[in-house]
Structure formats: C-alpha cells, structure tokens
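Please read the structure below before turning to the comments.
None of these values were measured; they are calculated from a predicted model. Quick note on labels: first sequence line is chain A, next is B, and so on, each numbered from 1. We use all heavy atoms of the structure for the numbers below, so side chains are in, but hydrogens, waters and symmetry mates are not.
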Amino acid sequence: MSEQSATVQKRERTGAYDPSVIEPRWQAWWAARGTYRAPNPGEPGFDPARPKFYVLDMFPYPSGAGLHVGHPEGYTATDIVARYKRARGFNVLHPMGWDAFGLPAEQYAIQTGVHPAITTRKAIDTFRRQLQRFGFCYDWSREFATIDPDYYRWTQWIFLKLYNSWFDTGDRQQATGNRQQAAGSGQQAAGSGQQATGSGQQEEAQKHTGTEAHRDEGRGAQTWDGAEGKGRARAIEALVAELESGEREPRINPEAAEHSTADKAQVFGSWSTLDRATKRRIIDSYRLAYLAEQTVNWCPKLGTALANEEVTADGLSERGHFPVFRKPLKQWMLRITAYADRLLDGLNVVDWPESTRIQQTEWIGRSEGAEIEFPLADVGVVQQDGPELRGEAGLRGGAGLRPAAGQPTLRVGSKDSTTEGDGSSMSLHPPSVVADVEVGREPVVRAATFVGRDPYPPGEPSPHDLIAQARRLPHLELEGATYFVTWKTADGLPLSRHERTMALKALGHWDGQRCRVYLANVMSNHVHWIVRPFEGVRLGDLVGSVKKFSAREIHAGRGAQGRLWQEERFDHIIRDERWFTAFTYYVLRNPVVAGVVKKPSEYDHTWVHEEVCAAEGLSLAAGSSENCPTGGRSETCPTTQPCPTTQPCLTTQPCPTLETCPTLENRPTLRVFTTRPDTIFGATYMVVAPEHPLVARVLENPAPETDVQKLRAYVEAARNRGDVERMAGAEKTKTGVFTGVYCINPAVAAESTVAAGSTDPVFAAHPARIPVWTADYVLMGYGTGAIMAVPGQDQRDWDFAEAFDLPIVRTVQPPEGFDGEAYLGDGPAMNSGFLNGLDIDDAKRRIIDWLEERGVGRRRVQYKLRDWLFSRQRYWGEPFPIVFDEAGNHYPVEECHLPVTLPEMADYHPEESDEPRPLLAKASGWARTTAGAAGVRAATDEADVLGLPPDARVSRETNTMPGWAGSCWYYLRYCDPKNPACFSGPEAHQYWMGRGGVDLYIGGSEHAVLHLLYARFWHKVLFDLGCVGTIEPFRKLFHQGLITSYAYQRPDKSLVAVDAVEEVEEGRFIERETGKPVAQVVAKMSKSLKNVVNPDDVIAEYGADTFRMYEMFMGPLEASKPWNPRDVGGLFKLCNRIWRLFIDPDTGEVGETVTTDEPTREALRILHKTIQHVGEDVEHLKFNTAIARLFDFVNALTPMERRPVAVLEPFLRVLAPFAPHLAEELRHRLCAAGLIPDAPAESPSITGLAWPEHDEALAKDDEVEIAVQILGKVKAKIVVSADADEATLERVALADAKVQEQLAGKTVRKVITVRGRLVNIVAG
RNA sequence: GCCGGAGUGGCGGAACUGGCAGACGCGCGGGAUUCAAAAUCCCGUUCUGGCAACAGAGUGUGGGUUCGAUUCCCACCUCCGGCACCA
C-alpha cells in the first residue's frame, strides 16, 4: 500500500501518465453527475429528436469468482459502440444487470447454510465494483437482478401469459376438413385460415394489454413489425369462447405433444355437456405452459434431479457417486414447438452471424417429408386394444386381424365361443382374409392414427363417399356416442324374408332399454344399424347380443349351426346432425339406387325412429345416383365387377365384396416418417426403435419367426445402452434383431401382381412383403420411432443391410461411374414403377399425392425441436405462480397477487428420498395454503373451471423455474426497469425497442442456441399477445471470441501449468522439474494450468484504459485469441505517448509543443484520416484496426515540434470511446490551460461532445505511389498525383526508366491501369 | 461422420469489391540520449543468396481460372467451435 502510493506520488510529481489517479477520479465524477444516465421518453433531459440506439451485453451470471478477462472483451466493445453512437447523436440505452439465480449459490447454501441471496448479492457487488473500475458507460440507474422480487414478479407474470395462452394454428376450418383431401383444397383452407388470423390480430392485441398496445405502428418495416402468419398465441379466454360457441370442436389439442394420439382422437359431445374435468383437460391441452410427465435422473441420496451430463456412464452421480434412477415427474413444459416455423422464419430478418443462424436452424431441425402407413402382413401380433398402441407408436388400428397360431398364413379363425373348433370350415371365398372382431370381449379399436385432423371431409360429399371414408377410419367407442354399424352374413348367404324380419327385430330389441335405435335396416346379406348405447352400455356388447340372438333364432329355423354373421363390422361415431343425416340417407337410399326397391318407403325391412323421420331436411326419397361413383353398388360389389376400393387389390381374383377384400385397408399399420418418400420402392425392410410398442407387442405375442430370446435380450441391451454407451462415443457397427413380423410395402404391392393361382394370401414370397427389424440406430424420440429402410439411398440403411444380408434396391439412378454405396444425390428414379424417370423432387410430389389419394400416407413436417422442460427441483429460482387443488388441478395466482416470493428455509439440504421431490416442498408452511391466501381467483359458480373457492385447500407448485427464465426477457425490463405497473411501460418500450429491437447484442457464442432461441420464443408469444411490437428481439447479434491463454505442452501432448515452466532462451521453454523441453501452445484459461488472468491485477498495473485498448487490439472481436502479457505493455506505451503529446512530463503541465497554430496540411491529413478510419472501423466493430489508426496518429504527431490544439482536441474525441479516462483528463487539462474553450455547461464531460466530422478532401493524400507491374510482378514504383487518370498512369509508367529497361526488346501487348493502385504491363 | 469457422513473418494480427502481401503492435537488431540502467526517441526487421545494388521464393498442400489470386473454383491436409445414428 505505502509502496504503491509512493509510486503514485512520484508519478504525480513528475507529471507522468498515472491511470491509478486519473481513472478513479473520473469514474467518481461521471457517477456523481449521472453522465451515463439515459432518460426515458417524457423524463427531464430526454431529447425526442435524437434516434435511439440500444446496445446490450449478454446478461452476466455473477459468479463468486468475480470477473475474468473474457467478460470485459464484449463489454468494452459495447462500451465503445455506446460512446461512439452517443457522440454520433443517438440516445443510447446501455444497461447492465444480473442473471443471478443459479446453482452455485444454492450449493454453497447446502454446504454452509448461508442464504443464497446473501451469497449472490455479495457476488453482484464484486462484479459491479469490477465492472465500474473499467469505466464502462452503463446507465447504472437501470440495474436490476433476476432475484429481485420486483423483477421476478414480471417473470412470473410472463409465465402466466404463457399459461393463459394457446397457440391458434388458424386451422379451425381445417378442423372440420379432412386429412385425406386433395392437397390443393387443403392449402386453400389453410390460406383462408391465415387471413382470418391476420385480420383479427390487431384487435386482440388491444384487448389483451388493457393498456395501449406496445406495437410499433407506422414504422413500416414489414419484416420486423408485421404479422407473421403460421398461427399465433391468443388468450385462453378466446379458446374457451370458441369452444362454448361451438365454433371449435371440443377435443384435445391435436398438436399437444404430451397427449397420445388416442387422446387426441377422442371426439366429445358439445362443450356444455362436458364435465369439469374433461373441459379442463381440453383447455389445458392447449396452454403454452402445460404439465407433463417427464423422466428425470433422480438421485435419492442427493435428493435432487441431475442433468444428463451430471450422471456418469455407470449410472452414478458425478458428485458423490451415488446411484441415479430414471423417474417420471410432472413438470412444467413450454410449448415452444408450436413456434418452430416462426422461429425459423425470424432468422431471415435478423442481422446475425451466419453460423448462429445455421445452428438454430439445425436445432429446430425442420424436415419435410411424408408419413407413410405400412400395413402389417402378420397382424396377429397387434391386438388393437393394447394401451401401448395409443402412444406415438404409429400403429394404425383397423379391424383386428388374427392368424391361426403357428400358421404363416391368415385363416379364418375365431375365439367366439359360438364358433369354437375348426376355423377352416368357416372360410369365406378363399384365399381371402376375414377380419375378426372379438365381440363381447374387447371390441374397441383404439384410433392410433386419428391424429390431429377431423376425419370428416369438408363440404357436402356424397353419402357413398362418407361411408367409404368411414370404412377407413379407426373404430372408436366412446361414452354417449351414436354409431353407424354394419355387418354381413357369413359367406354372403342370403336371408329369407322371414329371417330378415327376425334380424330386424333383434336390431330393435334393445331400443329404449339399453340403447336408442335410430335406424335399422336388413338387406338380403347385410345389415345397417344406427344406434346410441345408453350410459354404461358398450357397443360391442350390443352388437354381440344382437348377432347372437338373431343367429340362434335363424339357425334354429334352418336347422343349421355355425356362424351366421360375419365377424367383421364397421362402426363409426356419428358426431353431428349433418353426419347423422348423411348416414341415414345413405342407408335408406342405397336399396333404391341398387334397384332393390323404387323408393325407401317401399323397403320393408327398415325401421326408422320417429325422431329421425321428423328430423328436418331428411328427405328419404330424394336424391339420385349421379353422385355415387359406383352407381351405389359398392355394398354388394358383384364378382363381375372390379373391386371398388381405391386400394390396390392384391389377390388375383375379383373381390366378392368390399368387406372381404383383402386389400391393405383396415389392417393395422406401421407408420413411418421419411424425408425421401420417393425412394419407397427401395424400402426393402423396416426398422423400429427398440422402445417401439410394436416390439413389446411382438414379445408378448410372438410371430412364428420371432426369436423371442434374442429380441428380448436386444431390447434390454438397448435400454442400458441409452445411458452407458452414449458417452462411449460413436459406435460404428450396426446391431439389430429381426422381429419376426412383416410389413407390406404399399407401393411395391400396387405395382406387382401375384402370379395367378397363388394360394398364399399373405404374399409370403411377394416382393412387397418386407421384414420388420428393430435396431437402436432408430430413435424413438424422432418421427414415429420407425423407418422404412432404403439401403440404396441411405448409408446407415446400407450398412445395416450389408450387416444382416438384407436386399438392396437402388431406386435413384446414380451417375455413371458412381462406385459408392448408398447414393444420396439426385437422379432419375428407377425400379420404382410409376415414378421411374422422375427426379427426386417430382417423384416426391408424385408419391405423396399417390399416398394421400389412397389414405396411406400424407405430407408431414417434422421437427427435432422438443418442448422446453421448464421445471427445476431447486430452491434458488423463480417460484411458479401456480397452486394445485386437492384433485391435482392447477390454478394460476392472479396477477395482482404477484410476486410469489420464495419462503425462508431452515436449511437447504435436500431430503434423501426415493420419490423425486423438489427442495421447496420442505417449506410445508409455505407450500400448503388456501386458494384465497395464495391469490387464486375466486370461482364465480359451479361451472367456473378456472377459479376456486377462497377457502379451498391448495398446495403451491414447489418446482422453480430454470435459469433461462429470467434471461428471456431482461432486455425488455431495461427499457423501464422501475415500472411497478407494467413489465415495461409502453412508451419507453416503444422507443427503445422500436426499429427492430435491440440494435446491437454482443455475447458469447455459447448462447447461440438455447438462450437466443428461448428469448425469441418468449418475445414472439409476447408479440402475439400485443405486449411487444417487434417479431424479433435482437436485430444485430455479434459473438465475441474466446480469450485464451498460453500453456505448455509436453511432446506427448499433455499440458503443463504455466508456473512449472521456465523460458531458457527466446522462445525455448523447459519444464522446470524435468528439464525437458515443452512447446508453447494456446489453451483455454483454467485454474489447473495457472494461466488465468485476473483483470484487477492488470488494471492495478496499467489502468483500465490500457486494459480496454489491449483487449480490443488483440485481434478481431469475433476471433479467439491468446492473452499475451508482453503485448499489454505496448498499449500502455500508447497511452503514455498520447499523454506526452499533451503533457510535459517534467512539469506535469500542458506542454509547450501544444500550440494554437494553424495546423499544417500534414497534421490535418493525419487527423482527418484518423477520424474517418476510426469511425468506419467502429461501425464495423473492427476495433483492432481502429486502434492501429490511433497508433498511426500518434506516430505521426510524436516527431512534430509543434502540435496544433486544433488537431489534438478532435483526436481526443476520437480517442474517448476507447480510453475514456485519458481523453477526459486531457480535455479538461486543455480547457484549464485555456487552449480550448470550456465545454458547454450542460455537458462538461467529453462524453457529451459530438464526434468530429472528417473532411474527405483533407484526408486524401496529394500524391500516391503506384506499383508498376510487368506480367503481374512489381518491377517499379512511380509517384503520381492522387487523382491521376488511367492515361496519365500509363504514360508515366511507360516513361519510367526502370520500366523501359525491363521492356527492352519486348512488345507491349496490353496495359492494365487501376486508378490509385497499379499499372500492369503485359509484354512479351 | 455432418455443419460452421480458420490456417499469412519469431508472436498477435492487417490487406476495401481480384490490384504493391506482411498495416499496427509485440519481440528482436542497430543507433541516439545517459557515468550507467530504465524510460524515451530514431533506423532496421518475411525467407534464401549477396558487402551491396539486386535476384529468387513466399499467405496450410496440390491443381485451375485471370494481365494479376491471401481473396474466386476444384481436390486434399491440419486446427478450433457446434451437433451427433434426426430417417
């Protein structure tokens, strides 16, 4: 201390440059005067005439270790820009604050019991003190930390915005459309949906904020501030209103990742009839914040969940080596996937580094392709009632088809007690396949593919189309539904009139008792039935009962036995009156069209409920056959006609009837996602992930070829491999096991015919029959967890096919001479039937159309992006403003009751527990409360599903938000950090966030993906809700490079710490202990290598100005570069030299060389060059070259005997952004010496002064040296006036003696002249 | 493996849109100042050959386009960052 102050005194006395004195002085002065305070619109001192510039640093986490030299790199850059822009007349917003929640403080609390807030505040104070020592021009009046209740109150508020919003895809019209409709009309529907969305947007924006919309209107920049389309967030009330009005069908959000496809397929009655729980389920499925069960790595010993990186390869915690288990836990998720497309689109309007945009694009991972259904050839394994099939498995339900055990072929069989015994005697039209519905046992077929789309076509299709459509749909059994059911007689045996009457009686038997029968109709060989089972009655039971009863009666009459009715039946839910009418109309009109009767009323085996007869608009006699493509004959397809189905028929014989047509329809299918549907003909096998439900199902119910043991072993191994071998690195060899099951390749099937006379109904030798394998190179989490393997065009598939000797078929013609394996390039399709000759794009279009027409596939976009897991089982984070009632329903805390603050804890030790439990749950006094105390809205009445009675017992959400939460919106709070009424006041927000948001955002590339993606997501939600006015938050983004350090490396590449090495001579280093030579290398700074540079030390030695200039001079801002202590001195020297341009070191006064002379031409030239180049370089963030220009200036001025103040003073204003203390000091000294007038009273600081204007003419050199090349080699130099034209250049160059010499004996062929550059003579 | 970025003196780096490669700094060499040192100022500093004038080579490697290439194209090598069997 005493030694240091002695040095200081000496420096002061001698007038040497001493940053340790001048820097703290000016820092205090700036702080006292509020020099860097940026007033908001409306505040005193705000100048609305100036444009704004918002320059932002990435939110630092104040670690206990304090600042390292990497931090100030970006901060210096933004500081320079902020100062420069201020000098250029901008109102600059340049704030700083703290992303302060974080694990280290909590860990420390666990160890010591010190409240994390205390630890964190201390770290913040250290950081602030360190940052202030750099002289950064932050507006500290705007400082806040994410741990401030005043701040996280609004983080919670935004969470509630997410919670209370849903993503309207704008497909309401499509909701009543059909997924199988032609692509053209589908697009039309989507288009009009978007339009509707767009027009409603502004309106709703106003509605939501309650205040003025934050939207930045009239700025005109469509790309920035316009509506985006592709759907948007809206208030949940709008959803409820749509549901209540009937505008939207009540159903589970089809886009909800947390719901199974079966959930999403459920069709509910009208909104008003639904119970509370169902209404809630539907609403919650739409929220942008939702609860879902997620697997966590739970470590009971640590009482905490661990990130994947914190778990070792052997399933132990990295910390402590305790066992870790995978446990499901209900956690909050944010529906970021809804914004996948918009997050992609936004990347096109921002000025960001290309690499970051690419990283984000890849993270979102959009791939366009097709989803294709591959019918399973062996369907015995797929009982349609299994809960497994409800997941994302992609197994489509059809009628359950079942092979006889041990037989490779399908035969008619039954478990029906009435037909026990010989199944073969029941064969129908061999070799066809008959579906087997196990009536009375488990007839419900879950709809695994009923995803996201309403099954009913738009407009008014013909009844025939409806029926055909219904046939393709999965069967559903739902409480309260009305069904259309139809089945045939076995063998198509005709019924007599008497038998038909009996059947009709049976169909009507339970009317009024167990069901309501709306329509019953018995034809000579089949029945139609429209029925609504009463509550608690199952459709399957009813059908079974009717069949059994009628069969017994009829058989008795005939004296026959066995099966009367076909086991297959079609049932489908009738959802609304339109459909009801259509089905009824179809049933009644069909006999007329078929010519059985003249009009429906003549049909005597029909019974229609009065209600139906009375129904409006049902005109039974109306209609004609013209809109029925098969002339109404599809029900009784005669053998003389081709099969009327749209599916390719695989048998060689004409189908007797539709129901027995062994086409691919109505089989269970394996659904795949592919980006190369054009290669479908080359799909020679299938692969499903080991976790795929099909595999479990096969294990339960093996196919004849299944090697159960091997399969089971593989699945087990794959499960373990998930965690263990992921770390072990890329595993090259492909592994897998054949499941024993086959699929039918629908494209190959359609193009091939089975040889006539084949008796094999499941195409045992057919090329369309392809094996299904399981292998862990297929991931359950992407697509459908199943692929069609196309070895010819996919290297992974190729490798797999090679390994397991599976067929390879090329379907894209590789170029001549191609000797690779899989061919991924473009080329004409081959071996692909109707696709042959088409290039990839055309083939894709063609095949997708083809698939869609047949209902076996569709266009599909897939994303890698997953929803954002938003819950952490930690104490030190933002509490969720959510409570749960005793039934487990969640309720938001009302806005006026925010913030929900963290409770005090007795200690921070997690409880050791097998059950995942967040730490906060220990604060039971806090967690258990009442709805009123927690601030939940009081329920208005019974029907109010979103409120609670105030005295209802509730428990608080005990998870907390993740670290990302607070940093997602901090840039908005800076605009208006103290506003108690709003997250950011509209006026301030509009001003600072106008014109594309943050104008310059600098931070490390480690945040290139997650932080920037999450923040953009929140911003877009807030945009949709009218809370912000730009579609993107950060207009220009820049990543500073890493600051590395030197370390030393032994010949074996191991690193040696800096303090263990000695430099024996220039550039030669040895390891002190061994004396062996080591090489100097660049490495990341790390404690272990002892190469960490502490900024405090550097500042103590050289001062902040030197530090700032060194960091900027090291190299390009974006590059990684090593900290070289030796180089720092060079910048200190620069500061000293600048000092001495002004100050006589002997006297400490302004030197006598500083004059009021008229500047010389030379002095003016260097000044204006400096102004110009530094300005340009700062604009381009090229600070290293800007500082080189400062060197140039000093180099030019140093030798001058007389230095005009008219040149020195503007130079200080150029210097100020880089070395603000030095510039401020010197300017004040010039004032004090009377060499320049005092600065204006309102801004006595150099900070308030304008950037000097440069004069282009003065900056120009009078004469320039021009290189003269002969054949591109410089041979001579000539000096000409700077504006010499081409002719002059050529003349002077050719006249040059040296040139003459070189050209002797040669002919000049051509002379190329570039003004101000060179002359190149082509001679020979 | 894929995607992105980068390879230039002893070192950090510069070179606008294809136009004198090595700005600027560090280090090093020489000189001035000094009793001496530090500091400061001046000169030099890509390599090879030559006392020198000068000559030749040279921007990771190999090829190409061009009057002219660090810059554009093709192939390859090395390093850094990101993703990782994404169908």
Side-chain angles (χ1 to χ4, degrees), chain A residues 16 353-359 361-363 365-367 369 672-677 679 687 689 726 729-732 734 775-779 781-790 793-797 799-800 862-864 1005-1006 1008-1009 1039 1041-1042 1044 1046 1066-1067 1080 1082 1084 1109-1110 1113-1116 1118-1131 1133-1134 1136-1137 1140 1145 1176 1180 1182 1184-1192 1194-1195 1198-1199 1265-1277 1309-1324:
Chain A
E354 184 64 17
S355 64
T356 304
R357 298 195 339 232
I358 289 169
Q359 274 183 56
T361 304
E362 286 179 359
W363 192 265
R366 182 192 153 102
S367 51
V672 303
F673 173 72
T674 176
T675 53
R676 290 292 301 277
T679 62
V687 187
R726 197 175 301 153
E731 194 194 356
K732 280 282 160 291
K734 291 270 183 286
D776 61 3
Y777 82 97
V778 173
L779 309 173
Y782 187 75
T784 61
I787 62 161
M788 60 175 207
V790 190
Q793 278 77 229
D794 184 300
Q795 190 59 44
R796 287 160 308 173
D797 296 343
D799 294 342
F800 191 83
Q862 184 74 39
Y863 300 94
K864 275 195 264 185
S1005 56
E1006 67 272 20
V1009 178
H1039 297 303
L1042 213 62
T1044 53
Y1046 288 116
E1066 183 62 28
Q1080 192 180 48
V1082 171
K1084 275 186 188 172
M1109 295 232 265
Y1110 172 64
F1113 188 63
M1114 288 170 78
E1118 68 274 22
S1120 274
K1121 53 242 155 191
W1123 180 278
N1124 188 351
R1126 260 204 313 228
D1127 288 349
V1128 184
L1131 279 298
K1133 215 160 96 176
L1134 174 65
N1136 273 291
R1137 291 176 68 194
R1140 285 194 304 271
E1176 284 168 4
H1180 295 109
K1182 290 170 62 177
N1184 54 335
T1185 51
I1187 291 171
R1189 296 296 178 178
L1190 300 180
F1191 271 109
D1192 284 340
V1194 175
N1195 286 342
T1198 299
E1265 197 184 52
I1266 299 284
V1268 183
Q1269 298 179 332
I1270 294 173
L1271 289 169
K1273 302 257 179 215
V1274 181
K1275 294 292 174 187
K1277 303 221 167 157
R1309 295 224 176 84
K1310 195 174 169 190
V1311 178
I1312 293 137
T1313 52
V1314 182
R1315 287 183 77 160
R1317 294 282 179 195
L1318 54 60
V1319 179
N1320 189 11
I1321 300 163
V1322 187

task: Determine the interplanar angle of the A:Phe1113 and A:Phe1191 rings, folded into 0 to 90°, and report it as parallel if under 30°, tilted if 30 to 60°, perpendicular if over 60°.
output: tilted
Using whole Å, what does the distance between atom [atom2] of nucleotide [N] and atom [atom1] of [X] come to?
X: A:Glu1176; N: B:rA14; atom1: CD; atom2: C1'; result: 16 Å
X: A:Lys1182; N: B:rG12; atom1: NZ; atom2: P; result: 19 Å
X: A:Arg796; N: B:rC2; atom1: CZ; atom2: C1'; result: 11 Å
X: A:Lys1275; N: B:rC67; atom1: NZ; atom2: C1'; result: 15 Å
X: A:Lys1121; N: B:rC11; atom1: NZ; atom2: P; result: 19 Å
X: A:Asp1127; N: B:rC24; atom1: CG; atom2: P; result: 16 Å
X: A:Tyr1110; N: B:rC24; atom1: OH; atom2: P; result: 19 Å
X: A:Trp1123; N: B:rG12; atom1: CH2; atom2: P; result: 16 Å

Restricting both atoms to N or O, compile the protein contacts to nucleotides 3-7 of chain B shorter than 3.5 Å, with distance only.
{"unit_1": "B:rC3", "atom_1": "O2'", "unit_2": "A:Glu362", "atom_2": "OE2", "d": "3.2"}

Strictly under 3.5 Å: I want the nitrogen or oxygen pairs between protein and nucleotides 40-49 of chain B, one per line.
{"unit_1": "B:rU40", "atom_1": "O3'", "unit_2": "A:Arg1140", "atom_2": "NH2", "d": "3.2"}
{"unit_1": "B:rC41", "atom_1": "OP1", "unit_2": "A:Arg1137", "atom_2": "NE", "d": "3.2"}

field: Cation-pi check, A:Lys864 onto A:Tyr782 ring (under 6.0 Å, within 45° of axis)
entry: no
- prompt: So, is A:Asn1184 close to the B:rG12 phosphate, meaning a side-chain N or O under 4.0 Å from OP1 or OP2?
  reply: no
What is the nucleic acid contact for [X], judged by heavy atoms within less than 4.0 Å: base, sugar-phosphate only, or nothing?
X: A:Lys864; answer: base
X: A:Phe1191; answer: sugar-phosphate
X: A:Val790; answer: nothing
X: A:Ser367; answer: sugar-phosphate
X: A:Gly1130; answer: sugar-phosphate
X: A:Pro353; answer: nothing

query: Mind pulling the stems RNA chain B is in, i.e. runs of at least three Watson-Crick or G-U pairs, everything under 3.5 Å?
result: B:1-7 with B:77-83, B:10-12 with B:24-26, B:27-32 with B:40-45, B:46-49 with B:54-57, B:60-64 with B:72-76
message: Need to verify one output field. Residue with the more 5' nearest nucleotide on RNA chain B, A:Arg1189 or A:Thr1185?
response: A:Thr1185
query: When the nearest nucleotide of RNA chain B is assigned to A:Pro1116 and to A:Ala1188 on a heavy-atom basis, which residue is associated with the more 5' position?
result: A:Pro1116
When the [atom1] atoms of [M] and [N] are compared, how many Å lie between them, rounded to an integer?
N: B:rG56; M: B:rG60; atom1: P; result: 23 Å
N: B:rG58; M: B:rU48; atom1: P; result: 15 Å
N: B:rC16; M: B:rA69; atom1: C1'; result: 16 Å

- request: Report the C-alpha distance between A:Asn1195 and A:Arg1137 in whole Å, list the side-chain angles of each, state the deciding distance to 0.1 Å, and finish with yes or no for side chain to side chain contact (heavy atoms under 4.5 Å, CB included).
  value: CA-CA 9 Å; A:Asn1195 286 342; A:Arg1137 291 176 68 194; 2.7 Å; yes
message: By nearest atom, which of the nucleotides B:rC85, B:rC24, B:rC11 is closest to the A:Asn1124 side chain?
response: B:rC11
Listed partners of A:Lys1182 passing side chain to side chain donor-acceptor pair (under 3.5 Å), at least two apart: none
Is there any protein nitrogen or oxygen under 3.5 Å from a nitrogen or oxygen in nucleotides 17-21 of chain B, and what are the pairs?
{"unit_1": "B:rG19", "atom_1": "N2", "unit_2": "A:Asn1320", "atom_2": "ND2", "d": "3.3"}
{"unit_1": "B:rC20", "atom_1": "O2", "unit_2": "A:Lys1277", "atom_2": "NZ", "d": "2.6"}
{"unit_1": "B:rC20", "atom_1": "N4", "unit_2": "A:Glu1265", "atom_2": "O", "d": "2.8"}

- prompt: Would a 4.5 Å heavy-atom cut-off, applied to side chains only, mark A:Ile787 and A:Thr674 as touching?
  reply: no
message: Could you work out, with side-chain contact (heavy atoms from CB on, under 4.5 Å) as the rule, every residue matching A:Pro1122, not counting sequence neighbours?
response: A:Thr1044, A:Tyr1046, A:Val1082
